[in-house]
Structures are given as C-alpha cells and as structure tokens.
**Student:** 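Input: one structure, supplied below.
Note that the structure is a prediction, hence the values are computed from the model and not measured.
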Amino acid sequence: MASLTDSIAVLSGVGPKREQALNKLGIYTIADLLMYYPTRYDDLAMKLPSLALDGEKITFKGIVSSAPVVARFGYKKTRVNFRLLVENDNVMVSFFNQPWIVNQLELGQEVAVYGTYDKARQALTGMKVLPKMAEDELQAIYPSSKEVQQRTIKALIEQALGKYQDQMVDLVPTSIQTRYRLMNKHDTVFGMHAPKDGQEAQSARRSASFEEFFLFQMRLQLLKLMDKSNFGRAVMFDNEQLKVFIQKLPFELTAAQKKVVNEILRDMRRPIHMNRLLQGDVGSGKTVVAALAMYAAFTAGMQATLMAPTEILAQQHARTLGDFFDGTEVRVELLTGSTKAAARRQILEDLAMGDIDILVGTHALIQPDIAFRNLGLAVIDEQHRFGVRQRAMLREIGMNPDILAMTATPIPRTLAITAYGEMDVSVIDQLPAGRKQIQTRWLRGNELDKTVQFIKQQLDEGAQAYVVTPLIEESEALDVQNAEAVYADLSHYFAPQYQVGLLHGRLSNQEKETVMSEFKANHYQVLVATTVIEVGVDVPNATVMLILDADRFGLAQLHQLRGRVGRGSRQSYTFLIADPKTQYGIDRMEAMVETTSGFILAQKDLELRGSGDVLGKRQSGVPEFRVGDPVNDLIMMEYAQQEAIELVSDEKWDQQPANQFLADYMSETMGKYRNFD
Ligand code: ADP
Ligand code: MG
C-alpha cells in the first residue's frame, strides 16, 4: 500500500543516481518530498501559445471555445477534450483520466489551464484547471542543486501529489486547526506547492509553520514527560555537610547562585530524572554551582562526572575542582583522549570500584568500557557543543544520572522557548559582588601603539594581558602565521622585562596546556593567542584583553573573549582594535562598548544579523526549521507550545481518535515515548 514513508525510489523517473542526488537535498521519502516546500514564488506571466516552447509546463488563460466532452478509450481510460481560445489562437486541451473536469467547465467560460504544451500539435495536456481567473498565478521556486534541477523537483512533487494525495493526514488535531484558522494538511501541501494566489500561499505557509512548530513542541513536551516518569534516582545528600562546606568557601554565594543551587538540589533529591540547563554569563560563577551539586552527590555516596568540550578546559576544570575540594575526602580524576593507556586502565578500575568520586573529562568519557560504580550526576559544560545523542549515550553508560548542563551562551528571550528544548532552566543573572565593570574601548588601528603602552603600565602594576589575533579567511595556517608575527613584535617590545607566550591551534594539547599553565603561574605576563582561549580559561590576574581586528569576530565570540578578564578584584579592560568597513562592523563594535550584558548582546546580535543567519549557527543552539521562523513567528511558537502542553496534560491524549494520526506520528518518530503500557 502506498505510504508517505515510501522511498522516493518508487516514483517513476527516480533511479539510483537521482535518488542519491535527492538524498543530498535531504529528500529520502515521499513525505520529505511533499514537505520540500518552495522558498518563493514567481509570478507566472500569461504567455501566448506562439511564445510557448515545446514541452513547456505553462498556464494558458483563455475562453472555452468548444463544449468539453469526455471520451472513453481502452479499459477504464478517459479523456476530456475542449478548445481554449487564447487571444487569437485556439489550443486543443486534453485531460486524461480526470472525467470530473468536465463538470467544472462550460462553453464561453474564462479559465486558466496549467499543463504541458505540445507545440507541433498546438495542444496542451492539462494538469490543473484554475476556474477563477487568478490575479497572480504563482510559480513555486525550490532550492535545487546541480544534479536535481527545478523542473525535476517540480515534476516529482507533482507526481507525488497525484499518487499520494489521499495519504495526507492531519497531524495537527482539527480542533486546533479551527482555533487558529489553519488549513488541513492536504490543502496546506497543495497550497504550498501550487497556490492559486498570494493569499493562499500565505495561509498555506502559516499552516505549515504551525504544524512544524507544533510537532517540535510536542516532541519537547513528550521528552519532558519521559524524563519525569523515568525513575531517576533520588540523590539523598547530606544537607548539614553541604552547609558546612558552603560556609567554608572563600566567598559568599550570590543570591542568584543560592537560588539556582536550591533549584538543582531540589531536583536531585526527587526521584525524578533531572535535566536542567544552567545558564549564566561568563564569570557568573557556574563552576562553583556545579561543584556544589557534585559535592552533594558525593555526600549521598554517589559519583559525579564533568564533561568539557575541549581538553584544555577539562584540564582546567580538573585543577579548579582539585583546589576546590582540597582538604576534603573527594577524589577528583581527569580522563581525556591523551591519558596514557596504563593510567586510563587504573582510572577505569578505580571508577568501577567507586574509589573515584568525580571524573572530569572530554567526550572521551563517553565510551562503552567506562563504568561508574554509582553515578548520580553528570555535569556538561558548554552544552551546545554536545549533541543530543551524546547526552543520551551518557545516560546509557551511567545508569541514567541527573544531568546538569552549563552554558555561557546567553540566548535572547525570543529564542529561548525554542533553544532550551526539553530542559528545565536555571539562570544566574548576577555577577559576584565587588567585580569592577570591565571597561571596553573601541580603538582604530593607528591607536595600537598607545594601547600597547597602556598594557605595559598594567604589567608594571603586576597584572597580565591577553592579545588575541583573529581568524583570517578561515585558514588555520594564516592564523598561526599572524599570531606568530604579533608574538615576535610584542616579545621584542616587552623584552627583557616581560615574557610573552604564544598559544594557537597548531600546538599539541600538551603544549597548549603547558603554555596556559605558564601564563597562569605568571611566567608569561602577556599571552598572544588565537581564539583557542575562547571559553572557560580562568586567570584572575589578567586584566587586559586586547583583540586585534576585532571586527572579524562575531558578537558572541567577542563577548566570550571579554569574559576572560574581569575575574579578579582589579579594574579590567577590553580593547577592540578595528577599522570596520561596513555598517554591520561599526554596529557590533558600538554594541560591545555599550553593554557588558551577554543577554543584551545576544538580542542585539539577533537584530543585526537577522534571524535567518543566526538560526543555522551552532552557537545559538537553536534547531533549524523548514518553513517556520522561530524569531519572526515567535507568537505562533508560543501558541504551538501552549497547545502541546495542553494536549499532553491529558494522560490519555494518545488514545483519543481525534489525535490518532498525531499519536502514531510521535511514537514513530520518537521511538517509544511512553514507559508504562
Ligand atoms: P563561570 O564558570 O560562570 O564563567 P566561574 O565559576 O569560573 O564562572 O567563576 C568565575 C570566578 O569567580 C572564579 O574565580 C570563582 O572562584 C569566582 N566566584 C564564583 N562565585 C563567586 C562569588 N559568589 N563571589 C566571589 N567570587 C566568586
Ligand atoms: Mg566556566
């Protein structure tokens, strides 16, 4: 039986080669093809038969000049014939196997007919009748490739529309369609591919966007339910021990830190599975919060793990936690890709015995041979760098631990609803007291000397400085050359008083680690670096961040870099050296000077770049949508969320006939989403 999940190979004209080419466009099944929506429409100007090409798909508008008749031939085959007077030319029109067409037409009527033109016979094989004279006939334009051209895509979609139109079912329940005046699925799909006018195209797009958002939100809500009903384990931590530990910290937690610590501990104590995102600007003190949660797990007799996106960050975390738990019984170990085989074996053994309390590492942690004795909590740093699949694997190896993901990538409110997905969110919206606001200056290239003199004064006062060199045309080799040149200049300038270090992507992990620790130990006073220092690296004594050609960086990256300073009690500075040639470059420099809030910058970034650009970006963590635009259509996304929440709040939602197609679809696409049945 025909099904939308059929491979596109079932269509005529699709052989192995074309199938592959379609796959490259993301089209595997009939459903993919039918949902391969046009990106825009061209007005189909009325053409005269004399100007039409042989074999062209074309719309003729004219007057029915001979009474349409149905001819029968062969076994159950029919043909409707009539003449159409287009300006001064008569065109013979035939529709095959659509006898009902005859009832839609009458002599003298003005119609538009879409079909394939046979120039020699001056005949049109009709595909569609547009009974009302459309004001603006629209031609769908699809994203195409070299191997698959517009007209191929069109023809295949037409074929699929014909063969599968009865298979299209409404995933959005009818009651919801009515509430938002949406088209049903059949009309939506036809309206997207072959709208009769701009208005129909618009409503079809609205309906298609809603469906997309709604299915997305359904997925999120079901994932949330799944987490809640999944018996995570209650982490029964020792509150007294934890309190004592917090009192011994060298600083008082900020109100925001206290709030999120409570949210996390509350989740951990409950026998549900925690899936929480901890969001806070750089320097807001997320690491401390994570450390407290891990300590809580420790007091409950459980293990914890912390995963970082890069080796250098994992090393730093291991060191920070080592210092943090100095004087306690907590044993912290580091496991990364470069851990030697013998050491690795020992770590795995101790881990399985429960002798290691906290294991810090990179992705290398997620290996099938890693077994914790009793993993209670997994912390993931910079969560947007980890895929959903990796998080799922983490659960599998670790007996379904509570998950705390951390991110310093502020997401503007307009994207939050989409980007956070199925996670609960805790936000640290406050910096530790006593922090001096970082001063940011934007300077021109010719002011560089002056800036370097200023850095020297800072070094004279005992501080340290970063100098960041930019990406050049995405070429690592050139980046390194550039960094080396800057390094040579500055070494010369500061010699013999001050030492300069160099950090770039071509160094081995071991070398990077050495350079970083030398800088941290103040053996280097200046560190020249490419963006490898982007996240997480913590040197409180560094007070200057000098960014060369700053307009080559995006706002998010500049903000991350600026977050490397201002970590101690001294006044810190960020200097952006840039001579931007575009308004966009100027706007970004000005935005950086105006605010230090990551949230405001993220919103600004969105406005400057336009949603289209941001959405695909890995940094934003927002999934991509086919039709809908989660920024411009935020309100629709909010409605879709409300409806999804409302729907699944009824435990038996998937047993109601009205939701049958939706329920089938969700369980097919998500695997089994319910635990008890
Ligand atoms: P994040 O991971 O959010 O960028 P960190 O946890 O690395 O921030 O904290 C940045 C610095 O601030 C660290 O040196 C940390 O010890 C310090 N810190 C964290 N919380 C506080 C606080 N409440 N008061 C003072 N300093 C703090
Ligand atoms: Mg951090």
**Student:** Less than 4.5 Å apart, side chain to side chain, heavy atoms only: is that true for Leu11 and Ile30?
**Tutor:** yes

**Student:** Do the numbers put Arg588 on top of the ring of Tyr584, so that NZ or CZ is under 6.0 Å from the six-membered ring centre and no more than 45° off the axis?
**Tutor:**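 Positive - Arg588 is close enough to the ring of Tyr584 and near enough to its axis.
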
**Student:** Please check if atom NZ in Lys119 has more than 12 non-hydrogen atoms from other residues, nucleotides or ligands closer than 6.0 Å.
**Tutor:** yes

**Student:** With a 4.5 Å limit on heavy-atom distance, are the side chains of Ile141 and Pro38 in contact?
**Tutor:**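 A side-chain contact under 4.5 Å is absent here.
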
**Student:** Checking Glu590 now: which residues fulfil side-chain hydrogen bond (donor to acceptor under 3.5 Å, both in side chains) with it, not counting sequence neighbours?
**Tutor:**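 Glu590: no side-chain hydrogen bond (donor to acceptor under 3.5 Å, both in side chains) contacts found.
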
**Student:** To the nearest 0.5 Å, how far apart are CG in Leu34 and NE2 in His186?
**Tutor:** 10.0 Å

**Student:** Suppose we screen for salt bridge (Lys or Arg N to Asp or Glu O under 4.0 Å). Which residues come up paired with Arg72, at least two apart in sequence or across chains?
**Tutor:**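 Counting only residues at least two positions away or on another chain, Arg72 forms no salt bridge (Lys or Arg N to Asp or Glu O under 4.0 Å).
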
**Student:** Start with the C-alpha gap between Val648 and Met218, add the side-chain angles, then the distance that decides, and say whether side chain to side chain contact (heavy atoms under 4.5 Å, CB included) holds.
**Tutor:** CA-CA 8 Å; Val648 303; Met218 278 298 294; 3.7 Å; yes

**Student:** With sequence neighbours excluded, what pairs up with Arg179 under the salt bridge (Lys or Arg N to Asp or Glu O under 4.0 Å) test?
**Tutor:** Glu643

**Student:** Does this structure show an ion pair linking Arg626 with Asp32, if we count only N-O contacts that are shorter than 4.0 Å?
**Tutor:**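 Salt bridge between Arg626 and Asp32, a charged N being under 4.0 Å from a carboxylate O: yes.
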
**Student:** Passes side chain to side chain contact (heavy atoms under 4.5 Å, CB included), Phe95 versus Asn81? Steps please.
**Tutor:** CA-CA 7 Å; Phe95 277 89; Asn81 285 331; over 6 Å; no

**Student:** Can you check whether Ile8 reaches Glu19 side chain to side chain, under 4.5 Å on heavy atoms?
**Tutor:**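 They are in contact (side-chain heavy atoms under 4.5 Å apart), so the answer is yes.
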
**Student:** Run the side-chain contact (heavy atoms from CB on, under 4.5 Å) test against Thr5 and tell me which residues pass, sequence neighbours left out.
**Tutor:** Ser3

**Student:** Quick one, Phe190 with Gln165, criterion side chain to side chain contact (heavy atoms under 4.5 Å, CB included). Give me CA distance, side-chain angles, the key distance, then yes/no.
**Tutor:** CA-CA 9 Å; Phe190 273 82; Gln165 57 176 315; 3.8 Å; yes

**Student:** Does Gln177 form a side-chain hydrogen bond (donor to acceptor under 3.5 Å, both in side chains) with Asp170? I'd like the steps, not just the answer.
**Tutor:** CA-CA 9 Å; Gln177 279 176 22; Asp170 286 319; 3.3 Å; yes

**Student:** Could you check if a side-chain atom of Ile586 sits within less than 4.5 angstrom of a side-chain atom of Met589, using non-hydrogen atoms only?
**Tutor:**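 Heavy-atom side-chain distance check fails, nothing below 4.5 Å.
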
**Student:** Could you list the residues that satisfy side-chain contact (heavy atoms from CB on, under 4.5 Å) with Asn88, not counting sequence neighbours?
**Tutor:**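 Result, side-chain contact (heavy atoms from CB on, under 4.5 Å) vs Asn88: none returned.
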
**Student:** Taking the side chain as every heavy atom from C-beta outward, state whether Lys57 and Lys154 have any pair of such atoms under 4.5 Å apart.
**Tutor:** no

**Student:** Looking at residues at least two apart in the chain, or sitting in another chain, which of them share a side-chain contact (heavy atoms from CB on, under 4.5 Å) with Ala52?
**Tutor:** Glu56, Ile58, Phe60, Tyr117

**Student:** Using distance alone, with no hydrogens and no angle criterion, decide if Asp587 and Gln583 have a side-chain donor and acceptor under 3.5 Å apart.
**Tutor:** yes

**Student:** Taking only residues two or more places apart in sequence or in another chain, which ones pass ring pair (Phe, Tyr, Trp, His ring centres under 6.0 Å) with Tyr665?
**Tutor:** none

**Student:** Would you please indicate if the ring centroids of Phe213 and Phe625 are separated by under 6.0 Å?
**Tutor:**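 Judged by ring-centre distance (under 6.0 Å), Phe213 and Phe625 do meet the cut-off.
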
**Student:** Checking Tyr37 now: which residues fulfil ring pair (Phe, Tyr, Trp, His ring centres under 6.0 Å) with it, not counting sequence neighbours?
**Tutor:**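 Partners of Tyr37 by the ring pair (Phe, Tyr, Trp, His ring centres under 6.0 Å) criterion, ordered by chain and then number, come out as His193.
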
**Student:** Please check if the number of heavy atoms outside Gln20 that lie under 6.0 Å from its CD is greater than 12.
**Tutor:** no

**Student:** Tell me, please, which residues at least two apart from Arg276 pass salt bridge (Lys or Arg N to Asp or Glu O under 4.0 Å).
**Tutor:**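 Partners of Arg276 by the salt bridge (Lys or Arg N to Asp or Glu O under 4.0 Å) criterion, ordered by chain and then number, come out as Glu263, Asp267.
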
**Student:** Are any of the side-chain heavy atoms of Tyr114 and Val129 separated by less than 4.5 Å?
**Tutor:** no

**Student:** Check residues 156-164 and write down every donor-acceptor pair under 3.5 Å in which the side-chain atom is one partner and the other belongs to a residue at least two apart or another chain.
**Tutor:**
from	atom 1	to	atom 2	distance (Å)
Gln159	OE1	Ser12	N	2.8
Gln159	OE1	Ser12	OG	3.2
Gln159	OE1	Lys163	NZ	3.1
Gln159	NE2	Ser12	O	3.0
Tyr164	OH	Asp6	OD2	2.8

**Student:** Could you check if a side-chain atom of Asp54 sits within less than 4.5 angstrom of a side-chain atom of Arg121, using non-hydrogen atoms only?
**Tutor:**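 No, their side chains stay 4.5 Å or more apart.
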
**Student:** Answer yes if the side chains of Gln660 and Asp654 hold a donor-acceptor pair under 3.5 Å, and no otherwise.
**Tutor:**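 No - no donor-acceptor pair under 3.5 Å links their side chains.
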
**Student:** For Glu106, give me all partners under side-chain contact (heavy atoms from CB on, under 4.5 Å), at least two apart in sequence or on another chain.
**Tutor:** Gln109

**Student:** Flag the pair Phe661 / Met666 as yes when at least one side-chain heavy-atom distance between them is below 4.5 Å, and no otherwise.
**Tutor:** no

**Student:** Does Ser65 have any side-chain hydrogen bond (donor to acceptor under 3.5 Å, both in side chains) partners at least two apart in sequence or in another chain, and if so, which?
**Tutor:** Asn90

**Student:** If the threshold is 4.0 Å, N to carboxylate O, is there a salt bridge linking Glu147 and Lys24?
**Tutor:** yes

